[in-house]
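A quick note: this is a predicted structure, and the numbers were derived from the prediction, not measured.
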Amino acid sequence: QVQLVESGGGLVQAGGSLRLSCAVSGGGSFGRRAVGWFRQAPGQEREFVAGINWSGGYTNYADSVQGRFTISRHNSNSTVGLQMDKLKPEDTAVYYCAVARDSYIVYSWAANDYSGQGTRVTVSS
(Lines give C-alpha, C1' and ligand atoms only; values in the text may rest on other atoms or scores of the structure.)
Protein backbone atom coordinates (compact mmCIF):
# COMPACT_ATOMS: atom_id res chain seq x y z
CA GLN A 1 0.00 0.00 0.00
CA VAL A 2 1.36 3.39 -1.00
CA GLN A 3 1.90 5.78 1.88
CA LEU A 4 2.94 9.42 1.87
CA VAL A 5 4.18 11.12 5.03
CA GLU A 6 4.68 14.88 5.10
CA SER A 7 6.87 16.65 7.64
CA GLY A 8 8.44 20.03 8.26
CA GLY A 9 5.42 22.18 9.00
CA GLY A 10 5.28 24.56 11.91
CA LEU A 11 4.94 28.15 13.04
CA VAL A 12 7.10 30.81 11.43
CA GLN A 13 7.09 34.59 11.27
CA ALA A 14 6.32 36.40 8.05
CA GLY A 15 9.42 36.61 5.89
CA GLY A 16 10.80 33.36 7.27
CA SER A 17 11.40 29.99 5.65
CA LEU A 18 10.32 26.40 6.06
CA ARG A 19 11.18 23.22 4.20
CA LEU A 20 8.54 20.55 3.80
CA SER A 21 9.41 16.95 3.01
CA CYS A 22 7.32 14.06 1.75
CA ALA A 23 8.43 10.45 1.99
CA VAL A 24 6.70 7.96 -0.30
CA SER A 25 6.73 4.24 0.41
CA GLY A 26 4.97 1.15 -0.81
CA GLY A 27 5.78 1.39 -4.51
CA GLY A 28 3.18 3.12 -6.65
CA SER A 29 5.63 3.71 -9.50
CA PHE A 30 6.86 6.90 -7.85
CA GLY A 31 9.68 7.35 -10.32
CA ARG A 32 7.28 7.43 -13.29
CA ARG A 33 4.72 9.84 -11.89
CA ALA A 34 4.53 13.56 -11.32
CA VAL A 35 4.22 14.83 -7.76
CA GLY A 36 2.60 17.95 -6.42
CA TRP A 37 2.04 19.99 -3.31
CA PHE A 38 -1.44 21.31 -2.57
CA ARG A 39 -2.73 23.35 0.34
CA GLN A 40 -5.98 24.08 2.06
CA ALA A 41 -6.59 27.08 4.24
CA PRO A 42 -9.49 27.19 6.72
CA GLY A 43 -12.79 27.66 4.92
CA GLN A 44 -11.19 27.51 1.48
CA GLU A 45 -10.89 24.99 -1.33
CA ARG A 46 -7.77 22.87 -1.66
CA GLU A 47 -5.49 24.48 -4.22
CA PHE A 48 -2.47 23.61 -6.29
CA VAL A 49 0.82 25.04 -5.01
CA ALA A 50 3.65 23.40 -6.97
CA GLY A 51 4.25 20.41 -9.20
CA ILE A 52 7.19 18.51 -10.66
CA ASN A 53 7.14 16.01 -13.49
CA TRP A 54 8.37 12.42 -13.30
CA SER A 55 12.01 13.22 -14.07
CA GLY A 56 12.27 16.46 -12.17
CA GLY A 57 13.01 18.29 -15.39
CA TYR A 58 9.90 20.41 -15.36
CA THR A 59 8.25 22.33 -12.54
CA ASN A 60 5.33 24.70 -12.26
CA TYR A 61 3.97 26.91 -9.51
CA ALA A 62 0.85 28.78 -8.55
CA ASP A 63 1.18 32.49 -9.25
CA SER A 64 0.87 33.20 -5.54
CA VAL A 65 4.07 31.30 -4.70
CA GLN A 66 6.11 31.78 -7.87
CA GLY A 67 9.60 32.98 -7.01
CA ARG A 68 9.25 32.10 -3.32
CA PHE A 69 8.72 28.31 -3.30
CA THR A 70 10.88 25.61 -4.88
CA ILE A 71 9.81 22.00 -5.40
CA SER A 72 12.30 19.17 -5.79
CA ARG A 73 12.33 15.38 -5.90
CA HIS A 74 14.74 12.53 -5.41
CA ASN A 75 13.61 9.41 -7.20
CA SER A 76 16.43 7.39 -5.67
CA ASN A 77 14.79 7.53 -2.25
CA SER A 78 11.23 8.48 -3.21
CA THR A 79 11.14 11.86 -1.53
CA VAL A 80 9.76 15.24 -2.48
CA GLY A 81 10.64 18.58 -0.97
CA LEU A 82 9.12 22.05 -0.92
CA GLN A 83 11.39 24.92 0.07
CA MET A 84 9.27 27.87 1.14
CA ASP A 85 10.94 31.26 1.47
CA LYS A 86 9.63 34.75 2.15
CA LEU A 87 6.54 33.28 3.75
CA LYS A 88 3.43 35.40 4.09
CA PRO A 89 0.45 35.08 6.46
CA GLU A 90 -1.68 34.08 3.47
CA ASP A 91 0.50 30.97 3.08
CA THR A 92 -1.04 29.62 6.27
CA ALA A 93 -2.67 26.28 5.44
CA VAL A 94 -2.39 22.53 5.69
CA TYR A 95 0.00 21.36 2.98
CA TYR A 96 -0.46 18.02 1.24
CA CYS A 97 1.87 16.00 -0.90
CA ALA A 98 0.24 14.03 -3.72
CA VAL A 99 1.35 11.57 -6.39
CA ALA A 100 -0.32 12.14 -9.75
CA ARG A 101 -1.93 9.54 -11.94
CA ASP A 102 0.44 10.40 -14.80
CA SER A 103 3.98 11.49 -15.53
CA TYR A 104 3.01 15.13 -16.16
CA ILE A 105 2.00 17.75 -13.61
CA VAL A 106 -1.67 17.87 -12.65
CA TYR A 107 -3.45 20.86 -11.19
CA SER A 108 -6.58 19.22 -9.89
CA TRP A 109 -6.65 17.35 -6.58
CA ALA A 110 -8.89 14.72 -8.16
CA ALA A 111 -6.17 13.82 -10.68
CA ASN A 112 -3.92 12.39 -7.99
CA ASP A 113 -3.87 8.75 -6.98
CA TYR A 114 -2.17 9.03 -3.59
CA SER A 115 -1.83 11.72 -0.93
CA GLY A 116 -0.66 12.19 2.62
CA GLN A 117 -2.36 13.43 5.76
CA GLY A 118 -0.87 16.89 5.47
CA THR A 119 1.37 19.11 7.55
CA ARG A 120 0.24 22.41 9.02
CA VAL A 121 2.03 25.66 8.23
CA THR A 122 1.22 28.79 10.19
CA VAL A 123 2.75 32.13 9.27
CA SER A 124 2.35 34.91 11.80
CA SER A 125 2.37 38.58 10.88
Side-chain angles (χ1 to χ4, degrees):
Q1 184 174 352
V2 178
Q3 289 189 317
L4 284 72
V5 178
E6 301 98 334
S7 61
L11 174 64
V12 63
Q13 288 190 330
S17 298
L18 281 175
R19 179 173 178 82
L20 306 184
S21 295
C22 175
V24 183
S25 62
S29 303
F30 174 83
R32 296 197 293 271
R33 298 182 186 227
V35 185
W37 286 94
F38 292 72
R39 68 186 181 186
Q40 187 168 23
Q44 297 189 20
E45 297 283 322
R46 197 166 307 190
E47 64 177 0
F48 170 83
V49 175
I52 187 165
N53 76 333
W54 69 277
S55 68
Y58 182 75
T59 59
N60 205 5
Y61 300 89
D63 289 344
S64 59
V65 307
Q66 180 75 47
R68 299 188 296 121
F69 290 13
T70 303
I71 188 172
S72 60
R73 69 184 294 163
H74 296 280
N75 287 346
S76 59
N77 61 0
S78 300
T79 59
V80 187
L82 184 68
Q83 178 66 38
M84 306 188 295
D85 298 318
K86 301 178 183 178
L87 283 161
K88 304 176 180 180
E90 50 263 45
D91 294 319
T92 295
V94 177
Y95 284 70
Y96 299 88
C97 175
V99 177
R101 196 160 298 143
D102 296 290
S103 61
Y104 50 84
I105 296 170
V106 298
Y107 301 90
S108 168
W109 180 252
N112 294 292
D113 274 349
Y114 310 107
S115 62
Q117 294 299 307
T119 185
R120 185 174 301 276
V121 172
T122 304
V123 185
S124 63
S125 58

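Sorted by first and then second residue, the ring-ring contact (aromatic ring centres under 6.0 Å, His included) pairs with a member in residues 69-105 read Tyr96-Trp109; sequence neighbours excluded. Residues in residues 43-68 take part in these salt bridge (charged side-chain N to carboxylate O under 4.0 Å, His left out) pairs, two or more places apart or across chains: Arg39-Glu47, Arg68-Asp91. Applying the salt bridge (charged side-chain N to carboxylate O under 4.0 Å, His left out) test to residues at least two apart or on different chains, none of the pairs has a partner in residues 115-125. Counting only residues at least two apart or on different chains, no salt bridge (charged side-chain N to carboxylate O under 4.0 Å, His left out) pair has a member in residues 2-29. Under the disulfide bond (SG atoms under 2.5 Å apart) criterion, the residue pairs touching residues 8-42 are Cys22-Cys97, with sequence neighbours excluded. For residues 30-88, no residue pair satisfies the disulfide bond (SG atoms under 2.5 Å apart) rule, not counting sequence neighbours.
Legend: residues meeting salt bridge (charged side-chain N to carboxylate O under 4.0 Å, His left out) with Glu90, ordered by chain and number and at least two apart, are absent. Checked against salt bridge (charged side-chain N to carboxylate O under 4.0 Å, His left out), Asp113 has the following partners two or more places apart in sequence or in another chain: Arg33, Arg101. The side-chain contact (heavy atoms from CB on, under 4.5 Å) test applied to Asn60 returns Tyr58, Ile105, Tyr107, not counting sequence neighbours. Evaluation of the side-chain contact (heavy atoms from CB on, under 4.5 Å) rule for Ser55 yields Asn53 as partners, not counting sequence neighbours. Remark: Thr79 engages Asn77 in a side-chain hydrogen bond (donor to acceptor under 3.5 Å, both in side chains) (not counting sequence neighbours). Taking Ser29 as the reference, Arg32 meet the side-chain hydrogen bond (donor to acceptor under 3.5 Å, both in side chains) condition, with sequence neighbours excluded.
In this structure, Val24 and Val2 have side chains that are in contact, with non-hydrogen atoms separated by less than 4.5 Å. Using a 4.5 Å cut-off on side-chain heavy atoms (C-beta onward), Tyr61 and Val49 make no contact. Looking at heavy atoms from C-beta onward, Val99 lies in side-chain contact with Leu4 at the 4.5 angstrom threshold. A heavy-atom distance below 4.5 Å is found between the side chains of Leu18 and Leu87. Within the 4.5 Å cutoff, side-chain heavy atoms of Val80 are placed close to those of Ile71.
With respect to Trp37, the side chain to side chain contact (heavy atoms under 4.5 Å, CB included) criterion is satisfied by exactly one of Ile52, Leu20, Val65: Leu20. Checking each of Lys86, Gln83, Met84 against Ser17 for a side chain to side chain contact (heavy atoms under 4.5 Å, CB included) leaves exactly one that passes, namely Gln83.
Going from atom CZ of Phe48 over to atom OG of Ser64 covers 10.0 Å, rounded to the nearest 0.5 Å.
Judged purely by atom type and a 3.5 angstrom limit, Thr92 uses its side chain to pair as donor or acceptor with the backbone of Val123.
Closest approach of Ala34 and Arg73 over heavy atoms only: CA-NH1, 3.8 Å. Contact between Pro89 and Ser125 at its shortest, heavy atoms only, is CG-CB, 3.8 Å.
Linking Ile, Leu, Val, Met, Phe, Trp and Tyr residues whenever their side-chain heavy atoms come within less than 4.5 Å places Leu82 and Val121 in a single cluster.
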